[in-house]
Amino acid sequence: GREQADHFIDRVEAAGGIDGTLPPVVDVDCWAPIGPSIHAVSAARLRDFVERVYERTGVLPLVYTSVFMWREVVGNAEGFEDLPLWAACWGCDRPISIAPGWADWTFWQEGLTRIPGVGRLDGNYFDGSRKQLLEGTWNATSVLLEAGDAIEAAAARLPYTSGFRA
């Protein structure tokens, strides 16, 4: 919840802040060895996290999750559709299923990708134009991103045709 958001933002600020980067991202996932999620508690903590990140940064975080994890962690909770979605759908031609509540995705992690001169990494697509990515206004074509990218670094790779949404 709020404490985790404060810890996260403190670390981000210590590393230089969020200016010129992608928005903060909250990973809605669970780790099986700690046991099952209590849906109502997890949903409340997620809402607290989102609200605190917004209070401190003025930016709504992206939600990174898969259909399975959204159900497992927050029980398909409603009321988060105002947040942009980073859909995890590995090996899909496109995100065939996205977590309930969202009509579409902003970013999509589709699995491992090979980029010449870089190697293998998670392949991520952005549903918007280069201009929208740089300005933080989103919706339309897609750009391949790497985890931790600054916006300028992501936009610099636009010539890779594998990064565009079909």
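The figures here come from the full heavy-atom set of this structure, side chains too, leaving out hydrogens, waters and symmetry mates.
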*Asks:* Using a 6.0 Å cut-off, check whether atom OH of Tyr54 has over 12 heavy atoms from anything other than its own residue.
*Replies:* no
*Asks:* If you take all heavy atoms of Ser42 and Val73, which pair is closest and at what distance?
*Replies:*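 Distance-wise, the nearest heavy atoms are CB-O, 3.2 Å.
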*Asks:* Taking the basic N atoms (NZ, or NE/NH1/NH2) and the acidic carboxylate oxygens, is any pair closer than 4.0 Å for Arg52 and Glu3?
*Replies:*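 No salt bridge links Arg52 with Glu3.
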*Asks:* Hey, mind stepping through Glu55 and Arg2 against salt bridge (Lys or Arg N to Asp or Glu O under 4.0 Å) and telling me if it holds?
*Replies:* CA-CA 10 Å; Glu55 285 172 10; Arg2 291 179 64 83; 3.3 Å; yes
*Asks:* Let me confirm one number: the CZ-OG distance from Arg45 to Ser37, rounded to the nearest 0.5 Å.
*Replies:*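 Output value for this atom pair is 9.0 Å.
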*Asks:* Would you check if Pro61 and Pro23 make a side-chain contact, meaning some heavy-atom pair closer than 4.5 Å?
*Replies:*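 Side chain of Pro61 against side chain of Pro23, heavy atoms only: no contact under 4.5 Å found.
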*Asks:* Side chains of Thr65 and Leu85, heavy atoms from C-beta outward: is any pair under 4.5 Å?
*Replies:* yes
*Asks:* Any side-chain heavy atom of Val25 sitting closer than 4.5 Å to one from Phe107?
*Replies:* no
*Asks:* Under the side chain to side chain donor-acceptor pair (under 3.5 Å) criterion, do Glu110 and Trp90 qualify, and how do the steps go?
*Replies:* CA-CA 4 Å; Glu110 55 88 26; Trp90 309 282; over 6 Å; no
*Asks:* Sequence neighbours left out, what passes side chain to side chain contact (heavy atoms under 4.5 Å, CB included) with Glu81? Give chain and number order.
*Replies:*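 Glu81 satisfies side chain to side chain contact (heavy atoms under 4.5 Å, CB included) with no other residue.
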*Asks:* For the residue pair Trp86 and Tyr64, does the interplanar ring angle fall in the parallel (under 30°), tilted (30 to 60°) or perpendicular (over 60°) class?
*Replies:* perpendicular
*Asks:* Is the terminal nitrogen or CZ of Arg47 (NZ for Lys, CZ for Arg) located under 6.0 angstrom from the six-membered ring centre of Phe80 and within 45° of that ring's axis?
*Replies:* yes
*Asks:* Output yes when a side-chain donor or acceptor of Trp108 lies under 3.5 Å from a complementary backbone atom of Ala88, and no otherwise.
*Replies:*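 The answer is no, because no donor-acceptor pair under 3.5 Å joins these two groups.
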*Asks:* Going by side chain to side chain donor-acceptor pair (under 3.5 Å), name the residues that satisfy it together with Ser66, two or more places apart in sequence or in a different chain.
*Replies:* none
*Asks:* With the threshold set at 4.0 Å, does a side-chain nitrogen-carboxylate oxygen contact exist between Glu13 and Arg56?
*Replies:*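 Arg56 and Glu13: salt-bridged.
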*Asks:* Over all heavy atoms of both residues, which pair between Trp70 and Val63 is shortest? Give the atoms and the distance, please.
*Replies:* CZ3-CG1, 3.9 Å
*Asks:* For Asp48 and Gly1, which heavy atoms make the closest approach, and how far apart are they?
*Replies:* CB-CA, 3.9 Å
*Asks:* Any sub-3.5 Å donor-acceptor pair from His39's side-chain atoms to Ala77's backbone N or O?
*Replies:*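 A pair under 3.5 Å: no.
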*Asks:* Is there side-chain contact between Met69 and Cys30, with at least one heavy-atom pair below 4.5 Å?
*Replies:* yes
*Asks:* Heavy atoms only: give me the nearest Ile98-Ala87 pair and the separation to one decimal.
*Replies:*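 So the two residues come closest at CG2-CB, 4.0 Å.
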*Asks:* Measure the OG1-CD1 distance between Thr57 and Ile9 for me, rounded to the nearest 0.5 Å.
*Replies:*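 Rounded to the nearest 0.5 Å, the OG1-CD1 separation comes to 5.5 Å.
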*Asks:* Is it the case that over 12 heavy atoms from other parts of the model lie below 6.0 angstrom from the CZ atom of Arg120?
*Replies:* no
*Asks:* Do Leu46 and Val28 have side chains that approach each other closer than 4.5 Å (heavy atoms only, starting at C-beta)?
*Replies:* yes
*Asks:* Side chains of Val50 and Leu60: does their closest heavy-atom pair fall under 4.5 Å?
*Replies:* yes
*Asks:* Is any side-chain heavy atom of Ile18 less than 4.5 Å from a side-chain heavy atom of Val59?
*Replies:* yes
